[in-house]
Amino acid sequence: MTVLVALPAVYLVIRASGAGWDTVEASLLRARTADLAVNTVQLAVAVTAASVILGVAMAVCVCRGIRRGRTLAVALLAAPLAVPSYVSGFAWGRMFSGFEGFPAAVLVLIMACYPLVMLPAIAVLSAAGRSAEDVARTLGYGPLRTFLWATAPRLRTAVAGGALLVALYTVSDFGGPAIVRYEVFTVGIYNTYNGSVDRSLAAVYGCVLVVIALVLALSERLARGDHDEIGAPERRPASSESPVAWLCVTATVTVGLFAPIWSLISAIRTSQRVPMSSVADVKDLLVWVWPLARNTFEIAMIAAAVIVVVSVPVALFIRRPRTPLSGAVEVTLNLGFALPGIAVALALVFFGIRVLPELYLTTTMLTAAYLILFLPVCLGPLRGAFDAIAPGQEDSARTLGAGYLATIARVSLPTVTPALVAGAALACLSVAKELPATLMLAPIGTRTLATDLWSLNNDLRYGQAAVLGLALIVVTSIPTVPLSTRFLPRGE
């Protein structure tokens, strides 16, 4: 698996080095390269920092300020995961002319990413009692100091893992920055591949992204640490009702979910290319959208199943206690999530044409691309769940005569099933939204909601693109339900 994930990075290095060191040096020293690097880094820093702040704030609102309706609040706050960044950018662009550049990219990506921090934080806060917070208050600490002293240390591991996913997603995302016309490395790679016969420059850009991914993955390991204390969960305290918490939740959901949906509906209503004046028109619309939605969902389900099957043995290998080899494997696997889909797709095309031509433009190769890109989103929750298993549980099974595999099947896997469901849902969601790899590797004649939406937007057929945007939100909302309820306390 490590070899497969490393294949795109190896391809990029070979392709870049094939042009000669002088060419690589000249490419790295170009003013445009510096601009793309600055844009990419500042976007990643801004989105990650804002997503951490917003995600933790929403987790605190849900777990400490909402008692009745917590399930609804979590579901609504997780719902922006179902809105692809390019759909959100398209929708906001229809509402406000001139919605482009750095602020637009930051807003679009924050709304797409903050649940990646919020959901794990909710899981930690829901399982934690308030004893440490009560002690802090008896010492005279205010709310902010209490949070920093008592609550923040518990959230470190969960927030570090979520922040890594946010940062990797930001540096690898193409659709969001492209649609709001903010040039980062992914957009530069796409434009270079489409506009130049010599693709060595794009390979150099891809190598820079590999370096950024390595730095991010290593930084997350340092922030997470290898000796986090995992204690038994305390009795969950009753939350108080806070109108301020509901106000914050409502404002966040409005920006991340309701506003884009309203914009898409408005675009459909004002479009002359989407007739909806009769029942026949609606039926024709469904006949057009249904095959695209079915293809999208089927491809996402197949890919998610493969990702789950692969992630289980990998998570068992990299679980605590950490070893240098498991650490190297974990860092390598995170590379795929940071690479743009177009770089992964071109590496597989290069490999498929020369080594396995029978797999070129097949579902197998497309699934391999999804596995490289999205294994970390399933591996993260699963790794954390395995780490949280008390050593005594597995030791007890072994003292009763169960072997290693029997212990995994009877004790470990049932314990981590909720995390496995969450990882599968997140993988399915990510696959359904993925754009560039699907454009390049989908079998001939296979169309999805994402690929047709992109084509219609490029053809300035905004009303029809809005229809597919709404359909894509509906399809991606299906795996969002188990993803959000996974992090609720038992019984909710």
Side-chain angles (χ1 to χ4, degrees), residues 8-9 12 16 27-51 83-90 92-93 98-114 116 163-196 199-217 219 334-347 373-374 376 430 433-437 439-440 450 454 457-458:
L12 291 172
S27 300
L28 291 174
L29 296 178
R30 291 178 60 185
R32 175 171 170 76
T33 303
D35 291 340
L36 293 176
V38 171
N39 290 349
T40 301
V41 171
Q42 72 176 4
L43 183 64
V45 171
V47 172
T48 303
S51 295
V83 185
S85 60
Y86 50 88
V87 173
S88 180
F90 169 83
W92 282 95
F99 183 79
E100 58 185 44
F102 178 72
V106 169
L107 175 61
V108 165
L109 288 172
I110 288 173
M111 291 298 107
C113 293
Y114 81 84
L116 298 175
L164 174 65
L165 289 179
V166 172
L168 292 176
Y169 181 90
T170 302
V171 301
S172 66
D173 188 42
F174 162 73
I179 208 161
V180 298
R181 299 176 183 176
Y182 183 69
E183 289 203 347
V184 290
F185 272 124
T186 51
V187 179
I189 291 172
Y190 182 83
N191 293 336
T192 302
Y193 271 120
N194 283 342
S196 175
R199 294 172 176 171
S200 58
L201 178 60
V204 172
Y205 290 164
C207 290
V208 175
L209 283 182
V210 172
V211 174
I212 293 175
L214 285 172
V215 172
L216 291 173
S219 300
N334 281 327
L335 288 180
F337 197 60
L339 290 172
I342 186 172
V344 174
L346 284 166
L373 289 167
F374 302 123
S430 302
K433 298 192 297 183
E434 208 288 323
L435 179 63
L439 283 171
M440 297 187 61
W454 188 259
N457 180 69
N458 289 339

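Judged by distance alone, the side chain of Gln42 and the main-chain N or O of Val45 form no donor-acceptor pair under 3.5 Å. In this structure, Thr40 contributes its side chain and Ala37 its backbone to no donor-acceptor pair below 3.5 Å.
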Query - Full working for side chain to side chain contact (heavy atoms under 4.5 Å, CB included) between Asn457 and Tyr86 - result: CA-CA 10 Å; Asn457 180 69; Tyr86 50 88; over 6 Å; no
Report task. Test side chain to side chain contact (heavy atoms under 4.5 Å, CB included) on Val184 and Leu43 and set out the steps. Result -> CA-CA 9 Å; Val184 290; Leu43 183 64; 4.0 Å; yes
Requested in this report: Would you check, one step at a time, whether the test side chain to side chain contact (heavy atoms under 4.5 Å, CB included) holds for Val41 with Phe185?
Outcome: CA-CA 10 Å; Val41 171; Phe185 272 124; over 6 Å; no
Report task. Check step by step if side chain to side chain contact (heavy atoms under 4.5 Å, CB included) holds for Glu183 and Leu36. Result -> CA-CA 6 Å; Glu183 289 203 347; Leu36 293 176; 3.9 Å; yes
Requested in this report: Just do the ring-ring contact (aromatic ring centres under 6.0 Å, His included) check on Trp454 and Phe90 with the steps written out, would you?
Outcome: CA-CA 10 Å; Trp454 188 259; Phe90 169 83; over 10 Å; no
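With rounding to the nearest 0.5 Å, the separation of CG in Leu373 from CG in Leu168 is 11.5 Å. Note that the CE atom of Met440 and the CG atom of Leu435 stand 11.5 Å from one another [nearest 0.5 Å]. Taken from CG in Leu107 to CZ in Phe99, the straight-line distance is 4.5 Å, to the nearest 0.5 Å.
Between Tyr182 and Asn39, the closest side-chain pair of non-hydrogen atoms falls below 4.5 Å. Between Ser85 and Phe174, every side-chain heavy-atom pair lies at or beyond the 4.5 Å cut-off. Under the 4.5 Å side-chain criterion, counting only non-hydrogen atoms from C-beta, Met111 is not in contact with Val83.
Arg32 approaches Gly188 most closely through the heavy-atom pair NH2-CA, 3.8 Å. Annotation for Val180 and Gly89: closest pair CG1-CA, 4.1 Å, computed over non-hydrogen atoms.
For Arg181, the salt bridge (charged side-chain N to carboxylate O under 4.0 Å, His left out) test picks out Glu100, with sequence neighbours left out. Partners of Leu165 under the side chain to side chain contact (heavy atoms under 4.5 Å, CB included) rule, at least two apart in sequence or in another chain, are Leu116, Phe337, Val377.
For the salt bridge (Lys or Arg N to Asp or Glu O under 4.0 Å) condition, no pair includes a residue of residues 201-213, sequence neighbours left out.
The only option from Val171, Val166, Val108 that meets the side chain to side chain contact (heavy atoms under 4.5 Å, CB included) definition with Val47 turns out to be Val166.
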